[in-house]
Amino acid sequence: MHTPEKYLELFQKNRKQIGKDDPPFVKKLRDTAIASFRQSGFPGRKEERYRYTHLEPVFDGELSFDFQPRQIRFDDDEIFSCDVPLLDSSVVTVLNGFFHHPGKEALTRLDNGIIYGSLKEAIGQYPDLVKKYLGTNAPTSNEPFVALNTAFSQDGIFLYVPEGVRMERPIQIINLLLSDKNQMVHHRNLFVLESNAVAQVIICDHTLSPHMFLTNSVTEAYTGENADLDLLRLQNEHNNSCQVTNTWISQERHSRCQHGTITLHGGIVRNNLRINMEGEGAETSALGLFLTDKMQHVDSYTVIDHRKPHCTSNQYYKGVLDDISTGAFNGKIHVHPDAQKTEAFQTNNNILLSDTAKVHTKPRLEIYADDVKCSHGATVGQLDEEALFYLQSRGISKEESRLMLMDAFTWDVISKIKHPSLQERITELVGKRLRGELSRCNNCAMHCQE
Amino acid sequence: MLEIKDLKVNIEDKEILKGINLSVKAGEVHAIMGPNGSGKSTLASALAGRNYFNITHGKIIYEGKDLTELTPEDRAREGIFLGFQYPVEIPGVSMVNFLRTAINSMRKYRGQEPLPAGDFLKLMREKKKIVEIDSDLTNRSVNEGFSGGEKKKNEIFQMALLEPRLAILDETDSGLDIDALRIVSNGVNKLRSPENATIIITHYQRLLDYIVPDVVHVLYKGRIVKSGDKSLAKELEEHGYDWIKHEVDAHA
Ligand SMILES: Nc1ncnc2c1ncn2[C@@H]1O[C@H](COP(=O)(O)OP(=O)(O)OP(=O)(O)O)[C@@H](O)[C@H]1O
Ligand SMILES: [Mg+2]
């Protein structure tokens with residue numbers, strides 16, 4: 001059987017179990033999604049968007065999939081302490097794609113109207129609110145991974161910030177993968193910021209057992225007029241995992257968004273980011289930093305869609321690649337005919353630490369308006385030999401000199417993270433990663449093998 | 001202190017240094033002059049250990065050790081300092097972090113503990129005074145956006161901090177205004193001692209009014225073709241290099 005058929009069959013066979021409490025609108029989303037997937041199948045080897053990351057073989061692997069949360073007993077605090085412990089945040093845990101809440105409410109509603117917690121629960125409790133947004137941003141047509149996720153995802157995190165409300169503490173979503181067999185997970189996040197709302201979300205991805213994990217997640221975010229969303233993702237799964245993220249953000253007038261992805265570990269990582277500027281004067285910045293070695297592969301694919309005038313976008317993507325790891329950056333800036341006075345910038349810089357590491361970088365500008373400022377720049381290089389010699393000539397060892405230059409290279413991205421204690425923590429994590437001190441098991445008490 | 005014997009250096013198969021002989025004793029100041037492209041910076045970099053240079057022949061003996069076997073960092077730790085003709089800009093590496101790492105690397109090599117933060121700051125303040133360098137500069141990334149003169153001052157500042165035994169200053173005077181020239185020269189003179197030695201590469205005799213050399217050498221086409229006392233520098237200032245070039249080329 002071909003791989004797409006396996007998934008169609010998995011869906012049909014389990015149609016009753018998949019989201020069995022779904023209201024009709026979710027059922028309909030699933031059916032539309034599976035129809036889209038039937039049409040598209042997986043991206044082929046020739047498909048330009050997925051040229052450097054061929055995912056069909058990964059999806060073809062022997063992977064189990066849960067329709068209900070499996071009862072796995074563990075004590076969060078005991079086996080896992082977060083990578084960002086200094087942060088005063090509201091922590092929500094997702095285990096194998098399901099909201100994990102032993103003894104806690106699945107959905108929290110604060111006095112100021114903020115709602116956060118299980119998406120599944122939110123669909124049950126606030127169907128009208130969820131219906132307004134779910135699946136209206138991330139299309140399933142011609143987006144096979146969004147389609148699969150829409151068809152199969154059972155749960156994830158929902159966040160709603162009402163008009164004019166500023167979230168005091170960031171929400172930290174900890175995605176944990178823990179299984180006794182190779183496992184596939186589809187989970188889904190939905191963040192809604194009404195006008196003038198302010199929120200910060202941190203997503204941390206972790207694996208807690210050495211099994212092969214395939215995660216295909218979709219995050220949809222809506223930022224209303226003049227709202228402010230800060231969304232940072234820290235990827236730290238083990239190298240026997242494959243992670244596909246699909247992040248779709250839409251921005252209304254004068255809204256601001258900062259999106260960041262820091263990839264420390266992970267076998268095959270594909271990050272799709274799409275930002276739609278739906279209103280005038282919206283601002284966005286997208287940060288990306290990945291550090292790879294061994295056989296890791298990290299592919300960032302971004303589209304910033306300027307649909308309205310006076311919007312600004314900045315993309316800063318950087319990669320440091322060692323050993324036989326590979327990377328790709330494919331960044332598109334699309335400026336529609338109406339989007340006059342657009343300012344869109346993009347840079348992608350990569351450092352290869354070995355002769356065998358490889359990176360493909362491809363900026364794409366599609367500009368259909370004439371009064372715009374757009375620029376892009378991409379570089380692939382080694383560490384600056386002149387700078388290395390300069391540092392060494394002051395008595396600093398070659399190894400330390402290399403690390404100083406790598407710290408400097410990554411700082412360029414990290415310095416743009418707005419939250420100070422998060423910035424500090426990321427600096428430390430990246431520093432440790434570069435020094436080979438950060439193992440994915442760093443914060444895990446299970447001590448399973450690398 | 002330093003003994004260079006028939007040193008030949010290739011860069012990409014091209015012979016740049018064609019047999020340099022030079023002997024520097026503790027307490028001495030040597031000046032090296034010579035036309036553009038004659039190999040002065042190549043010699044300086046070879047002493048500091050730049051790696052893409054290919055030493056095809058000869059020896060560099062420093063304090064009885066064969067320098068060519070040491071990494072650039074170990075040469076620095078053994079007391080060699082190169083003031084770069086073109087100091088490198090390193091965005092993202094702060095001056096403070098750079099200097100602290102450098103000092104502590106040297107200390108570690110000597111078996112000393114890292115310098116406590118307070119002592120380090122005190123040392124910085126002290127040395128900043130010598131070269132009258134702006135605090136503003138030490139709060140920035142290494143050489144990033146420094147003016148030509150500021151970069152040169154920064155080299156001397158580093159020298160003052162690291163207290164080398166053998167300093168090689170490659171055109172540290174070019175690009176300096178009159179005041180800066182005096183400041184830099186004072187800095188160098190302050191560090192002069194019977195145990196230390198300095199090699200000054202320069203195009204201008206003016207610097208040698210401030211830092212009086214014991215010996216002046218002329219490097220031309222990869223060879224030291226003439227050596228003399230400080231009057232040689234004056235002669236060059238007045239007559240240029242043509243007379244030496246003629247002499248040498250006639251011999252060849
Ligand atoms: N990395 C390099 N690759 C190729 N050629 C080089 C390199 N470095 C130096 N050279 C050549 O070696 C020769 C000597 O250069 P060097 O910089 O030592 O001269 P210099 O005497 O310091 O000159 P200046 O007075 O202009 O500073 C020049 O012809 C130069 O072009
Ligand atoms: Mg030179």
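Below, chain A is the first sequence line, B the second, and so on; all start at residue 1.
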Original post:
Between B:Gly49, B:Pro91, B:Pro87, which residue shows the highest count of heavy-atom pairs closer than 4.5 Å to chain A?
Top reply: B:Gly49
Original post:
Can any side-chain N or O of A:Asp205 pair as donor or acceptor with the backbone N or O of A:Asn236 at less than 3.5 Å?
Top reply: no
Original post:
Counting N and O atoms only, with roles assigned by atom type, does the side chain of A:Arg233 sit under 3.5 Å from a partner on the main chain of A:Ile203, one being a donor and the other an acceptor?
Top reply: no
Between chain A and chain B: donor-acceptor pairs at under 3.5 Å:
residue  : atom : partner  : partner atom : Å
A:Glu386 : OE1  : B:Arg50  : NH1          : 3.3
A:Glu386 : OE2  : B:Arg50  : NH1          : 2.8
A:Tyr390 : OH   : B:Asn143 : ND2          : 3.2
A:Tyr390 : OH   : B:Glu155 : OE2          : 2.4
A:Tyr390 : OH   : B:Gln158 : NE2          : 3.0
A:Gln392 : NE2  : B:Glu73  : OE1          : 2.6
A:Arg394 : NE   : B:Gln158 : OE1          : 2.5
A:Arg394 : NH1  : B:Leu82  : O            : 2.8
A:Arg394 : NH2  : B:Leu82  : O            : 3.1
A:Arg394 : NH2  : B:Glu155 : OE1          : 2.7
A:Arg394 : NH2  : B:Gln158 : OE1          : 3.4
A:Gly395 : O    : B:Arg77  : NE           : 2.9
A:Gly395 : O    : B:Arg77  : NH2          : 3.0
A:Lys398 : N    : B:Glu73  : OE2          : 3.1

Subject >> Donor-acceptor pair between A:Thr361 and A:Asn348 side chains, under 3.5 angstrom >> reply: yes
Original post:
Do A:Thr53 and A:Asp299 meet the criterion of a side-chain donor-acceptor pair at a distance under 3.5 Å?
Top reply: yes
Original post:
Would B:Ile61 and B:Leu2 satisfy side chain to side chain contact (heavy atoms under 4.5 Å, CB included), going step by step from the backbone distance to the final call?
Top reply: CA-CA 6 Å; B:Ile61 307 294; B:Leu2 180 73; over 6 Å; no
Original post:
Counting N and O atoms only, with roles assigned by atom type, does the side chain of A:His297 sit under 3.5 Å from a partner on the main chain of A:Tyr52, one being a donor and the other an acceptor?
Top reply: yes
